Amino acid sequence: KSFIFDALDDQARQELANFSYVKRYAAGDKIFTMGEPGQSMMAIAEGTVRVTMFTPSDREVTLNDLQAGDVFGEIAMLDGQERSANVKALTNCTLVVLERRALLDVLQRNPILSVRLIELLCQRVRRSDERMIEIAFLDLPARLAKLLLRLTVAPPASEEKPLAKLSQSQSELASMIGNTRENVNRCLRKWQKAELINLQDGWLIIRDRDRLEALAHGE
Ligand code: CMP
């Protein structure tokens, strides 16, 4: 399922498989803690994991959610230093663990695998740069509007236009944009009054995508 490994031929893939093993985690389990030593990289076979960091005031900020086919742990695996972030299981997860020694061996003989890992790191740098700019230069409403739009796909243009719904809690949304639950709650209540969204039975329902788009662009 992973673009990292689909470049390998069967023999190299078999070689990697011989040195890998499967590890299962239950929803909520810690997988990595930032600062601990790391000697392996994980590929997600099933489930979702969340990558986070703690702010100096101990608030947990989400960097990314990763799904089946994604890999993580490549940073400590490649540079031999500490884990750069925390990773926890959001759902029950099945992971394939690849140890540094075996992986470096296969990397040396399969340069395409190195290229794919470099591409992965490039994607992550691009995304981190975008986020840094958003956090530094966009206000909370713009960041929150961007997030809601990113988490929901625009409904197909049809007569009834089904409304997009989100199940994330307000704390989770706050963690994804590096802000507090209280501020997010205040902003969502304002938007509910203005009929941009509805907060109903634990769901957040998008009512006016166009106005959210305008807010996301700082209008
Ligand atoms: P590593 O540092 O070994 O352990 C933590 C992992 O979290 C890291 O490797 C990456 O795989 C992953 N990670 C760190 N920062 C990000 C990010 N901004 N986006 C996605 N994944 C990340």
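Atoms within a ligand are numbered from 1 in the order they appear, just like the ligands themselves. Treat the numbers as computed from the prediction; the structure is a model and nothing was measured.
Among protein heavy atoms, the minimum distance from atom 18 (N) of ligand 1 is reached at S128 OG, 3.7 Å. Taking atom 3 (O) of ligand 1 as the reference point, the nearest protein heavy-atom neighbour is R83 NH1, 2.7 Å. Nearest protein heavy-atom contact of atom 8 (C) of ligand 1 is S84 OG, 3.6 Å. Of the protein's non-hydrogen atoms, V51 CG1, 3.7 Å is the one closest to atom 22 (C) of ligand 1. Ranking the protein heavy atoms by distance from atom 15 (N) of ligand 1 puts L63 CD1, 3.8 Å first.
At a heavy-atom cutoff of 4.0 Å, ligand 1 is contacted by both the backbone and the side chain of E74. The backbone and the side chain of A76 each have at least one atom closer than 4.0 Å to an atom of ligand 1 (non-hydrogen atoms only). Under 4.0 Å from ligand 1, heavy atoms of I75 appear from its side chain as well as its backbone.
By the 6.0 Å contact criterion, CZ on R126 is open, its count of non-hydrogen atoms from other residues, nucleotides or ligands being 12 or less. Atom CZ of R127 is surrounded by more than 12 heavy atoms from other residues, nucleotides or ligands within 6.0 Å. The number of heavy atoms from other shown groups lying within 6.0 Å of CD (Q11) does not exceed 12.
In terms of heavy atoms, E195 sits closest to R207 at O-CB, 3.7 Å. Annotation for A174 and R181: closest pair CB-N, 3.6 Å, computed over non-hydrogen atoms.
Less than 4.0 angstrom separates some heavy atom of N64 from each of these atoms of ligand 1: 19 (N), 20 (C). Every atom of ligand 1 with a heavy atom of F72 under 4.0 Å away is listed here by number and element: 11 (O).
The closest non-hydrogen atom to atom 20 (C) of ligand 1, taken over R124, R131, R127, comes from R124.
Interatomic distance, CG of L204 versus OG of S169, reported as 11.0 Å (0.5 Å rounding).
An N or O contact shorter than 3.5 Å is missing between E82 and ligand 1 by distance. Checked by distance only, ligand 1 and G73 come closer than 3.5 Å through their nitrogen or oxygen atoms.
Look at E36 and K30 and you find no salt bridge, because none of the NZ, NE, NH1 or NH2 atoms lies under 4.0 Å from a carboxylate O.
Other residues sharing the hydrophobic cluster of F72, ordered by chain and number and joined by side-chain separations under 4.5 Å: Y21, Y25, I31, F32, M34, M42, I44, V49, V51, M53, L63, L66, V87, L95, V97.
Formation of a donor-acceptor pair under 3.5 Å by the T91 side chain with backbone atoms of G47 is not found in this model.
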